[in-house]
Amino acid sequence: MGILVTGGTGYIGSHTVVELLEIGEEVIIVDNLCNSSIDVLDKIEMITGKRPVFYEIDLLDKEKLEFVFKEHQIESVIHFAGLKAVGESVKIPLTYYENNITGTLNLCKIMEKYECRNLVFSSSATVYGMNNTAPFREDMPLSTTNPYGTTKLMIENILRDLYVANHDWHIVLLRYFNPIGAHESGLLGENPKGIPNNLLPYVMQVAIGKLECLSIYGDDYDTKDGTGVRDYIHVVDLAKGHISAVEYARKHEGAEAINLGTGNGYSVLEVVKAFEEASHKHVNYRIAPRRDGDIAICYADASKAKKLLNWEAQKTIDEMCMDSYRFIEKLANA
Ligand code: NAD
Ligand code: UD1
């Protein structure tokens, strides 16, 4: 009996695979490598001493995907695979809808056929939209501002409908806040291609001298220092949240949305300062205009995860910054 991890060579997927292997689970990864590298398998093996089964398959290829279910007895699925760049999703929405939605429909149809109905899905805090006030609770009204976010909300709705139609489904919809950090070995982390869109990857590139200066998008928000506030969560804490979510899904029918965040908010300036202290590097920045679609404050009410999953984030912002820096420094010197 194995756990299928779609998108398992990606940033969050690879850290989750490490945690799964370390508790003795059998892991089968499906990834088309559109945003990750095959080398990740070596890194996972270096950390855990185990090599997961890997298939280079696109979720849009239903026949190949079904082959995996024929070959292995899949007991649960953690579904990370998807495209995730907000700006890109505005430019090529059809690609995003096809990849994320059709990919998920293919997966669910095959799961139904093989009577594998334990599913943990990667949703996002982006589904809370622009009109709620933090802390965000799972029962707040949902809305989105870009095609990427809309795919997440549509998939949540599809999965809720699936449960209504068949109460044998055991689904957990995990709404991640802002994952950052890296494995403490420095072997796994996030290294986006091109110029990073997200804060930490950009800060990391400035710290190692690959980019010159961070633009801080707005210092006139109604926040502690005027810059945007977010709930940054260490990727290893997030990975551990998936272990708890799989265990929960095995025991509970439903389609339950659960936030994975720390419940704390840090401003952009606080993150820059924490990163400078952790790395002993100076991070150049300038204040730039606000970025379209940004909200002032976003952080989780993390109490449902504690109650249902018996999980809470452990790692501090300093550990997140230290581990991020160890990873980027190692990569830069490789
Ligand atoms: P990632 O890009 O590092 O990992 C996603 C993986 O999925 C990649 O390895 C990619 O090659 C693969 N993939 C994409 N489309 C595929 C397809 N059609 N078939 C097979 N493989 C495919 O991203 P991540 O940061 O690890 O995010 C994982 C999931 O979590 C995504 O669904 C993302 O939307 C969601 N999420 C991420 C964040 C974040 O800040 N990183 C926040 C909220 C939600
Ligand atoms: C962004 C996405 C969100 C997605 C999440 C994870 C947008 C509007 N939102 O969230 O949908 O789920 O990434 O992929 O893109 N910042 C700077 N300078 C930078 C980069 C960021 O000042 O170069 C600021 C932002 O204004 C924000 C904070 O840093 O206040 C965090 O930004 P980011 O890392 O992009 O995450 P989110 O905007 O929270």
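For ligands, and for the atoms within them, numbers begin at 1 and follow the listed sequence. What's counted below: heavy atoms across the whole structure, side chains too, no hydrogens, waters or symmetry copies. What you see is a predicted model, and the numbers here were worked out from it, not measured in a lab.
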For Asp31 and Leu33, indicate whether the former's side chain and the latter's backbone hold a donor-acceptor pair under 3.5 Å.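 Checking the backbone N and O of Leu33 against the side chain of Asp31, a donor-acceptor pair under 3.5 Å is found.
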So which heavy atom on Leu174 is nearest to which on Ala245, and how close?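 Heavy-atom minimum between the residues: CD1-CB, 3.9 Å.
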State, to 0.1 Å, how close Leu60 and Gly103 come at their nearest heavy-atom pair, and which atoms those are.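 That closest heavy-atom pairing would be CD2-N, 3.7 Å.
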As a test of understanding, state which of Asp318, Thr316, Ile317 forms a side chain to side chain contact (heavy atoms under 4.5 Å, CB included) with Met320.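 With Met320 as partner, side chain to side chain contact (heavy atoms under 4.5 Å, CB included) holds for just one option, Ile317.
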Do Asp323 and Arg326 pass the salt bridge (charged side-chain N to carboxylate O under 4.0 Å, His left out) test, and can you show the C-alpha distance, the side-chain angles, and the key distance before you say yes or no? CA-CA 5 Å; Asp323 290 340; Arg326 188 180 304 112; 2.7 Å; yes
Answer yes if the ring centres of His72 and Tyr114 are under 6.0 angstrom apart, and no otherwise.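 No, the ring of His72 stays outside the 6.0 Å limit from the ring of Tyr114, centre to centre.
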Phe136 and Tyr128: aromatic ring centres closer than 6.0 Å?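 Close enough - the centres of the two rings lie under 6.0 Å apart.
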Indicate whether the side chain of Asp225 and that of Thr227 have a donor and an acceptor atom separated by less than 3.5 Å.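 Result is yes, a qualifying pair exists.
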Just jot down the ligand 1 atoms closer than 4.0 angstrom to any heavy atom of [X], in number order.
{"X": "Gly7", "result": "6 (C), 7 (O)"}
{"X": "Leu33", "result": "11 (O)"}
{"X": "Asp58", "result": "17 (C), 18 (N), 19 (N)"}
{"X": "Cys34", "result": "10 (C), 11 (O), 13 (N), 14 (C), 15 (N)"}
{"X": "Ser122", "result": "29 (C), 30 (O), 32 (O), 35 (C)"}

Can you get from Tyr55 to Phe69 by hopping between Ile, Leu, Val, Met, Phe, Trp and Tyr side chains that sit under 4.5 Å apart?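 Yes.
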Rounded to the nearest 0.5 Å, how far does [atom2] of [Y] lie from [atom1] of [X]?
{"X": "Lys304", "Y": "Arg137", "atom1": "NZ", "atom2": "CZ", "value": "11.0 Å"}
{"X": "Ile287", "Y": "Leu214", "atom1": "CD1", "atom2": "CG", "value": "8.5 Å"}
{"X": "Asp161", "Y": "Cys108", "atom1": "CG", "atom2": "SG", "value": "11.5 Å"}
{"X": "Leu173", "Y": "Ser122", "atom1": "CG", "atom2": "OG", "value": "10.5 Å"}
{"X": "Leu260", "Y": "Leu309", "atom1": "CG", "atom2": "CG", "value": "7.0 Å"}

I need the nearest protein heavy-atom contact for [atom]: residue, atom name and distance, please.
{"atom": "atom 2 (O) of ligand 1", "answer": "Asn35 ND2, 2.7 Å"}
{"atom": "atom 12 (C) of ligand 1", "answer": "Asp31 OD1, 3.3 Å"}
{"atom": "atom 17 (C) of ligand 1", "answer": "Asn32 ND2, 3.3 Å"}
{"atom": "atom 19 (N) of ligand 1", "answer": "Leu59 N, 3.0 Å"}
{"atom": "atom 24 (P) of ligand 1", "answer": "Lys84 NZ, 3.8 Å"}
{"atom": "atom 26 (O) of ligand 1", "answer": "Ile12 N, 2.8 Å"}
{"atom": "atom 28 (C) of ligand 1", "answer": "Phe80 O, 3.7 Å"}
{"atom": "atom 34 (O) of ligand 1", "answer": "Tyr148 OH, 2.8 Å"}

If you measure from each non-hydrogen atom of Ile57 to ligand 1, which part falls under 4.0 Å: side chain, backbone, both or neither?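 The answer is the backbone of Ile57.
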Checking contacts here: is it the side chain or the backbone of Val30 that comes within 4.0 Å of ligand 1, counting heavy atoms only? Could be both or neither.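 Val30 to ligand 1: no contact under 4.0 Å from either part.
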Contact between ligand 1 and Lys152 is defined here as a heavy atom of the residue under 4.0 Å from a ligand atom; is it met?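 Yes.
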Is the closest heavy-atom distance from Pro179 to ligand 1 below 4.0 Å?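 In this structure, Pro179 qualifies as a contact of ligand 1 - some heavy atom is under 4.0 Å.
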Should one rank [options] by closest heavy-atom distance to [atom], which comes out on top?
{"atom": "atom 30 (O) of ligand 1", "options": "Tyr232, Phe121, Tyr176", "result": "Tyr176"}
{"atom": "atom 44 (C) of ligand 1", "options": "Pro192, Pro201, Ser123", "result": "Ser123"}
{"atom": "atom 5 (C) of ligand 1", "options": "Gly82, Gly103, Ser37, Ser36", "result": "Gly82"}

Any protein N or O within less than 3.5 Å of an N or O in ligand 2? List each pair with its distance, or say none.
from, atom 1, to, atom 2, distance (Å)
ligand 2, 11 (O), Thr126, OG1, 3.3
ligand 2, 12 (O), Ser124, OG, 3.1
ligand 2, 13 (O), Asn198, ND2, 3.0
ligand 2, 18 (N), Ser215, O, 2.7
ligand 2, 22 (O), Ser215, O, 3.4
ligand 2, 22 (O), Tyr217, N, 2.9
ligand 2, 26 (O), Asp294, OD2, 2.6
ligand 2, 34 (O), Asn198, ND2, 3.4
ligand 2, 34 (O), Leu199, N, 2.8
ligand 2, 35 (O), Asn198, ND2, 3.0
ligand 2, 35 (O), Arg291, NH1, 3.4
ligand 2, 35 (O), Arg291, NH2, 2.8
ligand 2, 36 (O), Asn178, ND2, 3.1
ligand 2, 38 (O), Arg291, NH2, 2.8
ligand 2, 39 (O), Asn178, ND2, 2.9
ligand 2, 39 (O), Arg230, NE, 2.6

Before you tell me yes or no, could you show the steps for Lys64 and Asp58 under salt bridge (charged side-chain N to carboxylate O under 4.0 Å, His left out), namely the whole-Å CA-CA distance, both residues' side-chain angles and the distance that decides it to 0.1 Å? CA-CA 8 Å; Lys64 284 194 184 151; Asp58 194 315; over 6 Å; no
Regarding Arg160 and Glu156, does a basic nitrogen lie under 4.0 Å from an acidic carboxylate oxygen?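 Yes, this pair counts.
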Do any nitrogen or oxygen atoms of Phe177 come within less than 3.5 Å of a nitrogen or oxygen of ligand 1?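 Phe177 vs ligand 1: no N/O contact under 3.5 Å.
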